[in-house]
Amino acid sequence: MKLQENILSYITQNQSKLWQGLPDFVTTEKQKAFQKFQQKGLPTLKDEKWRKTNLKEFVNRYYHPAFNEIINQNNLIDNCLVPDLETYNINLVNGFFAGKNTLEVLNNGIIIGSFNKAIKSYPELVKSYFNRLVQNSDNPLNDLNTALFTDGLFVFVPKGITSFKLQITHKLDAKVDALINVRNLIILEEHTQMDIIQCDDSNMHRSHFATFVSEVFLKEKARLNWYKYQNINNVSSLFSNNFYQVEKEAELYTNSFEMNGKLLRNEQFADITGKDVKVDLYGLYLADKKQQTDNVIFISHSSEGSYSNQKFKGILDDSAKGFFNGQILVKKDAQQTNAYQKNDNILLTDKARISSQPFLEIYADDVSCSHGSTTGQIDEEALFYIRQRGISKRDAQLLQLYAFTGEIIETIKLHALIEPTKDLVKKRLNGELDICEDCILQCAVK
Amino acid sequence: MNPILEIKNLHTKIGDKEIIKGLNLTVNPGEVHAIMGPNGTGKSTLANVIAGKDGYEVTEGEIWFNGKNILELDPEERALEGIFLGFQYPVEIPGVSMTNFMKAAIDAQRKYKGLDPIKPGEFLKMYREKQELVNMPDKIKNRSVNEGFSGGEKKRNEIFQMAMLNPKLAILDETDSGLDIDALRSVAEGVNKLRSNDNAFIVITHYQRLLDYIVPDIVHIMYDGKIVKTGDKELAKELEAKGYDELVASN
Ligand SMILES: Nc1ncnc2c1ncn2[C@@H]1O[C@H](COP(=O)(O)OP(=O)(O)OP(=O)(O)O)[C@@H](O)[C@H]1O
Ligand SMILES: [Mg+2]
């Protein structure tokens, strides 16, 4: 386990330098996380939630810790812009905040920018949220992230601000194989609304090992819609772990388009702590060659009368693998909970694999829950029917696959995203989108 | 005059089982043929083999279409050459709208002829015209192909697609079954309007009733994988009166 030794000795040797200048509450958390990581080590096939996810291609490599800002200045252009959409734009490169105004307060009171700066400029604010959701995670990569992150994104949306749209371009862009850790903190106060459009992208053909951890707090009646487009190169891994605390009457919607990457793993934890919450998690994963895409969901209903819905669809080609693990926990007091989960897959070859695991743990008696998982092949009868009308086999197949993705794309609420997303999915299915030199959304409008 | 379709001594197996056992059939331009025969006798199998569906092994014989041996062609190539199959059981294709499906089919046909994709306005006009021709309700056009269609709507939809694609040879496999009398009439009307001296139809049916509306030039009785009797439209009436056993026994 070269990677693990490399991380441990790196932290041990550079501890003082790594954590210098940070307030105590951060250093303490980093210390604790480091100890936890030392004990547990990187995930292995023996860990329950990692039985289908082999990290062997990554753990035996040397990854250069992205402590110094390995930023290729030429690439700091906003190239993830969606046409016809006014947004505030953020660039994160190798875990570092890239841009001139690294932390600013907007006219409407929104604080946005570098998390590293926010820790220093708003320690009291950050302190009451930082690591609260992540600290008890059983995924060692979260400890690694806590111990090693330097920067990331900080957003604070004050009460009553309801029209904030943010684009995040998150790039892996190093000239060496890099170990990258991004840490974000997003706070939505009461009665707010925010849309996030995130592109995970990589420029070089280097192998990277990246963790992207976000803590998100939704206060009463806060609404967040988070669209994520992932398109990294065929040798890198990206572990994207989002933690949400969702309070009374708040609404969370996420939609992830997991398009390309050697290993994409998206974990989402939503803790529903108030009444009448609505959580919708959608995802579409398309993998081929020897790629793997994982989605690990945990939704905890702690309060009554809330709704959660998970819907993930995947198409796996060649010898690609998929892993879906969806957990729903309904606690004793969470009466009148509605919780749904569905995972549908199409396997295009005999070698493609999907492992789909639902877990329902229900302690309340008045609830409505359902889960289901399907795995199918291309419908041969339909294929013949379409071909009989003169449409080529390839197009007939594309027509069916594209139709399969419709259910996820249709849920997009931000109009300007619909066409670029459709285009992106078509290109991916068509094999035109391998690894674009630039961001995926731009690639989609070319 | 060259025949549109010429089948010579066709033998076909599904797995180990021989279904078509030496079948001969010649269809000339302008003709309407009816094929009748008991359940399981191989009528749909014949239709599928002509259309090129996978899973059927032709062990002997030839199929010529417009002077071309088509046995080696893919289903889409046969369709583009002008063969249309109206399915006995039209397939549902969730998520693919009727208009998108037809646009893709028309464009495939145009591409085959070296033409650019059809302009949206022109397409919609054509779509509307053909809908009217077969009395197809307009509400169906935004729905997914055959999804949630009633039995009658599915069959009518086959005729609508035929009208859109204007094939040289249309094989209609029990398009009449499950239709009420009005639907039957409008399906027949659709077919009659499309009849010309350049195209031909093979109508597979169990009922003489359809043949009152689509008057065939030639009627074949298929039995156990072969055509055992051929005649004019009176043969269908004789069949209705006697039934297969007597008719085949008297052969
Ligand atoms: N895929 C298949 N595998 C095995 N046997 C098949 C298959 N398809 C058809 N058969 C068999 O081939 C024979 C002919 O079937 P076919 O559907 O062609 O009959 P048909 O004349 O169209 O009958 P019907 O009037 O009921 O539509 C039947 O015995 C049927 O069971
Ligand atoms: Mg049949």
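If you're wondering where the values come from, they're calculated on a predicted model, not measured in any experiment. Naming convention: chains lettered A, B, ... in sequence-line order (proteins, then strands); numbering from 1 in each chain.
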Counting heavy atoms not belonging to A/R223, are there more than 12 under 6.0 Å from its CZ? no
For atom CG of B/D54, decide whether the heavy atoms of other residues, nucleotides or ligands shown that lie under 6.0 angstrom number more than 12. no
Given that the side chain runs from C-beta out, which part of [X] has a heavy atom under 4.5 Å from chain A: side chain, backbone, both or neither?
{"X": "B/P90", "answer": "both"}
{"X": "B/N146", "answer": "side chain"}
{"X": "B/I106", "answer": "neither"}
{"X": "B/I93", "answer": "side chain"}
{"X": "B/Q109", "answer": "neither"}
{"X": "B/F101", "answer": "both"}

First locate atom OG of A/S392, then atom NZ of B/K111, and finally report the distance between them rounded to the nearest 0.5 Å. 7.0 Å
With chain A, the option among B/E158, B/E81, B/R78 that has the most non-hydrogen atom pairs under 4.5 Å is B/E158
Out of B/I83, B/V96, B/L85, which one racks up the most heavy-atom pairs below 4.5 Å with chain A? B/L85
So which bits of residues 382-390 of chain A come within less than 4.5 Å of chain B, counting non-hydrogen atoms only? A/A382, A/F384, A/Y385, A/I386, A/R387, A/Q388, A/R389, A/G390
Taking B/K53 first and then A/E381, would you say they form a salt bridge - that is, a charged N and a carboxylate O separated by under 4.0 Å? yes
Out of A/L399, A/D395, A/T405, which one racks up the most heavy-atom pairs below 4.5 Å with chain B? A/L399
Nearest heavy-atom neighbours spanning B/P94 and A/A403: O-CB, 3.4 Å
